Amino acid sequence: MRQTFTSPPEMPDNPASPKAPRVRFAPSPTGYLHVGGARTALFNWLFARSVGGHMLLRIEDTDTERNRQELTNTIVDLLEWLGIDIDGEPVFQSDNRERHRQVVNQLLREGRAFLCDADNQRVPGNSLKDGLAVRFQVSSTQDMPATADRHVAFEDVVRGVVSFALSDMEDFVIWRSNGTPTFLLANAVDDTDMGITHAIRGEDLLPSAPKVQLIMDALGSQRPVYAHLPLLVNEKRQKLSKRRDDVSLGNWRDKGYLPQAMANYLATLGWGPPDDIEIRPMEEILELFRLEDVLKSPAFFDTKKLEHFNATHLRMLSAEDFLEQLEPWLERTAWTPEQFRPEVMEALAPLVQEKVRTLADVGRFVDWLMLDDPPRDEASWQKHIVNNPVAGAILSDAIEAFAEVEWVAEAVHQAALEVGERQGLKLGKAQAPIRVALTGRAVGPPLFQSMVLLSRDEVLRRLRLAILDSAPANLSPIS
RNA sequence: GCCCCCAUCGUCUAGUGGCCUAGGACGCUGCCCUUUCAAGGCGGUAACACGGGUUCGAAUCCCGUUGGGGGUGCCA
């Protein structure tokens, strides 16, 4: 009776536990994955992998118009990026159309559903007809006295017992007049056919659960265990939406966030490790995660905290891993491939790694070592050069000192210290105009180590240029 | 409107009847360190929504109120 997909996910059960749990992540193929969906996928995956179960992917393409493979690839890539591996090939809901049709006919024949026209008027007949929709007849629900206070109830892993009165439910559409199944029908049939044991999904789907269960009951299917995850919300505490909120997972990746940081952060939304240690490797989370510990209340997607997670994960990387992660970021920066100096990047990487919050920040820390004439940050330039009365003196003095000094970080450091002392300034103050003159910014990697990499001649050239470019009224160029 | 769900610092959370004058983290903030800071160290700020029960004892259990959210499509 039960039929499988034409290309079913062949998943040999774990011999040690013959009834290994099976979960699925079931996004629409919009070619876009938002952080809420990613969190749902992650929790499915955490559950599956922590109990030796299977993690499947089903693409809910009840409308088959669009290029499904291409759109699906984006989702699969993003999941893979996050570290979520899928068992078997993705399943396309649209491939199961014949099975859906057959089930609807069966429900029609058994009097559990009825045909209806565009005005929602009931039309006689007990098999599918072109141009007519089909509704499930809630009142046909058997095994319960017709007049009693009838409910469909289930035990949700995160919410406990949830119950809906049949009398509150309308006869709902399971088949559209355009010949496609609705989500309700497809969901019930596909979960059955895929042998899904646990349906872990967003709380926004909670009201649809009793309808899906009614269909499954009518088919004699075993209902999966449900777990409705708390929603991810914006600062106004509304469910995250593609339109209002910047929640595209791909965007975060492109902004220089590490997948392990994103996954780690997402795992703390609606769940917390018992030992209070939030930032940690996924292997540890896998060991600690329990579906029944998931919280019920919605969680705000806090980008500040995400940034902190990212900065911390960045610093946890080994030097080699940091450079490796950095690689794609070194190609889309201000400098040309010819200007890029890998040996400089490599030397500076450990210093930069301690400072930045995202991979995208790195370019701004090192670009002045690659570019011939790095851009100047106007605010820094004004503050530390133009409006600094001793800037000219410091720069002039620095030129003389740096021209002589042994070209190693320690000696340059010492020389800068002395330049400052001659102005009665601590190094912290004294280095500011030098930094801005050389790098164009007031913030960057430790100065003297990187200066050495720039070369003495170039340092002197930029210092002279800064003097020339600064207001001639109060600074006179020196030769 | 109706149905369903939720309720600990601004935010994410720990807490499952005594360990709680409520712990951690982000943020904010003070001080320190320092070669800048978007780094680091040490502090500070700040919460059990409200009202009734139950109990020797409640953030924890029950009821109600209020507030918030989700759903209410031939979307998913």
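Per chain, numbering begins at 1; letters A, B, ... match sequence-line order. Because the structure is predicted, anything quoted here is derived from the model rather than measured.
Among the protein residues, A133(A) comes within range of the nucleic acid bases, having at least one heavy atom under 4.0 Å from a base atom. Residue contacts shown for S177(A) include a base, since a base heavy atom lies under 4.0 Å away. Nucleic acid contact for L447(A): base, since at least one base atom lies under 4.0 Å from a heavy atom of the residue. Looking at heavy-atom distances under 4.0 Å, D117(A) makes contact with a base. I174(A) comes within contact range of no nucleotide atom at all, as no heavy-atom separation falls under 4.0 Å. At the heavy-atom level, A118(A) lies under 4.0 Å from base atoms of the strands shown. Residue E307(A) is out of contact with every strand shown, counting any heavy-atom pair closer than 4.0 Å. As judged by a 4.0 angstrom heavy-atom cut-off over every strand, N120(A) is placed among the base-contacting residues. Contacts of F448(A) with the nucleic acid, taken as non-hydrogen atoms under 4.0 Å apart, include base atoms. Residue K355(A) is in base contact, counting any heavy-atom pair closer than 4.0 Å across all strands shown.
Using P as the reference atom, C20(B) and C2(B) are 45 Å apart when rounded to the nearest Å. C56(B) and G43(B): their P atoms are spaced 42 Å apart (whole Å). Distance noted for atom P between C3(B) and C50(B): 27 Å (whole Å). Comparing the same atom, C1', in G44(B) and in G53(B) gives a spacing of 39 Å after rounding to whole Å. Going from the C1' atom of A25(B) to that of A47(B) covers 15 Å, rounded to whole Å. Annotation: C61(B) and G24(B) have their P atoms spaced 24 Å apart (nearest Å).
Comparing U35(B), G69(B), A76(B) by their nearest atom to the side chain of R435(A) picks out U35(B). Taking the side chain of T182(A) as heavy atoms from C-beta on, and the options G71(B), U36(B), A76(B), the nearest nucleotide is A76(B). The side chain of Q431(A) has U36(B) as its nearest neighbour among G70(B), U8(B), U36(B). When each of G40(B), U36(B), U13(B) is scored by its nearest atom to the side-chain atoms of A299(A), the top-ranked nucleotide is U13(B). For L295(A), counting side-chain heavy atoms from C-beta on, the closest listed nucleotide (A14(B), C12(B), G71(B)) is A14(B). Nearest nucleotide to the D168(A) side chain, out of C6(B), G70(B), C3(B): C3(B).
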key: Trace of the salt bridge (Lys or Arg N to Asp or Glu O under 4.0 Å) decision for E98(A) with R101(A)   = CA-CA 5 Å; E98(A) 270 320 300; R101(A) 182 184 299 276; 3.4 Å; yes
What's the verdict on ring pair (Phe, Tyr, Trp, His ring centres under 6.0 Å) for F43(A) and F289(A), showing C-alpha distance, side-chain angles and the deciding distance?
CA-CA 9 Å; F43(A) 277 37; F289(A) 183 83; 5.3 Å; yes
### Task
Determine, stepwise, if the pair R280(A) / D275(A) fulfils salt bridge (Lys or Arg N to Asp or Glu O under 4.0 Å).
CA-CA 11 Å; R280(A) 64 203 314 166; D275(A) 56 9; 2.7 Å; yes
Test salt bridge (Lys or Arg N to Asp or Glu O under 4.0 Å) applied to R58(A) and D191(A), step by step:
CA-CA 10 Å; R58(A) 181 173 73 226; D191(A) 276 354; 2.8 Å; yes
- Can you list the steps and then say if M316(A) with I279(A) is a side-chain contact (heavy atoms from CB on, under 4.5 Å)? CA-CA 10 Å; M316(A) 284 162 58; I279(A) 299 182; 4.1 Å; yes
Margin query: Pair L132(A), D117(A) - check side-chain contact (heavy atoms from CB on, under 4.5 Å), show working.
Written below: CA-CA 5 Å; L132(A) 292 183; D117(A) 63 21; 4.0 Å; yes
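Residues L359(A) and L314(A) are in side-chain contact: their nearest non-hydrogen atoms beyond the backbone lie under 4.5 Å apart. The closest side-chain heavy-atom distance from I200(A) to L229(A) is below 4.5 Å.
Ring-centre distance between F47(A) and H198(A): below the 6.0 Å cut-off.
Spacing between atom OH of Y226(A) and atom C1' of C5(B) amounts to 17 Å, rounded to whole angstrom units. One interatomic measurement links the two molecules: CG of L185(A) to C1' of A76(B), which rounds to 14 Å at whole-angstrom precision. Rounded to whole Å, atom C1' of C75(B) lies 13 Å from atom CD of Q93(A).
In this structure, W252(A) and Y257(A) have perpendicular ring planes: the angle between them is above 60°, well past the 30° mark. Below 30°, between 30° and 60°, or above 60°: for H34(A) and Y32(A) the angle between ring planes is above 60°, a perpendicular geometry.
If K239(A) and G270(A) are placed on RNA chain B by their nearest nucleotide, the residue sitting closer to the 5' end is G270(A). A residue-by-residue look at H413(A) and P273(A) shows that P273(A) has its nearest nucleotide of RNA chain B further toward the 5' end.
Residues from residues 438-445 of chain A that place a heavy atom under 4.0 Å from any atom of RNA chain B, listed by number: A442(A), V443(A), G444(A), P445(A).
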Reading nucleotides 18-29 of chain B from 5' to 3' and marking B where a protein heavy atom lies under 4.0 Å of the base, S where only the sugar-phosphate is that close, and - otherwise, the string is -----BBBSS--
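Applying the Watson-Crick and G-U wobble criteria (two distances, each under 3.5 Å), A25(B) pairs with U11(B). Under the Watson-Crick or G-U wobble criterion, with both distances below 3.5 Å, C2(B) is paired with G71(B). Pairing of U16(B), defined by two Watson-Crick or G-U wobble distances under 3.5 Å, is not identified with any nucleotide. Both distances falling under 3.5 Å, in either a Watson-Crick or a G-U wobble arrangement, occur for no nucleotide opposite U60(B).
For the residue pair R201(A) and N44(A), no side-chain donor N or O sits within less than 3.5 Å of a side-chain acceptor on the partner. Of the N and O atoms on the side chains of R435(A) and T439(A), not one donor lies less than 3.5 Å from an acceptor on the other residue. With hydrogens and angles left out, the side-chain atoms of Q382(A) and E378(A) include a donor and acceptor closer than 3.5 Å. Side-chain contact of R112(A) with Q137(A): a donor-acceptor pair under 3.5 Å is absent, judged by distance alone. A donor atom on one side chain and an acceptor atom on the other are found under 3.5 Å apart for D61(A) and S94(A).
Using modelled atom types, no side-chain atom of D367(A) and backbone atom of P374(A) make a donor-acceptor pair closer than 3.5 Å. One N or O on the side chain of D171(A) and one on the backbone of V138(A) form a donor-acceptor pair closer than 3.5 Å. Although no hydrogens or angles enter the test, the distance criterion places no donor-acceptor pair under 3.5 Å between the side chain of R150(A) and the main chain of L166(A).
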Could you pull out the protein-nucleic contacts involving nucleotides 59-63 of chain B (nitrogen or oxygen on both sides, under 3.5 Å)?
none

Taking only nitrogen or oxygen atoms into account, show me every contact under 3.5 Å that the protein makes with nucleotides 48-51 of chain B, one pair per line with its distance.
none

What N/O pairs connect the protein and nucleotides 66-68 of chain B at under 3.5 Å? Give each pair on its own line.
none

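The side chain of R159(A) contributes no N or O atom lying less than 4.0 Å from OP1 or OP2 of G70(B).
Residues passing the salt bridge (charged side-chain N to carboxylate O under 4.0 Å, His left out) test with K255(A) are D246(A), sequence neighbours excluded.
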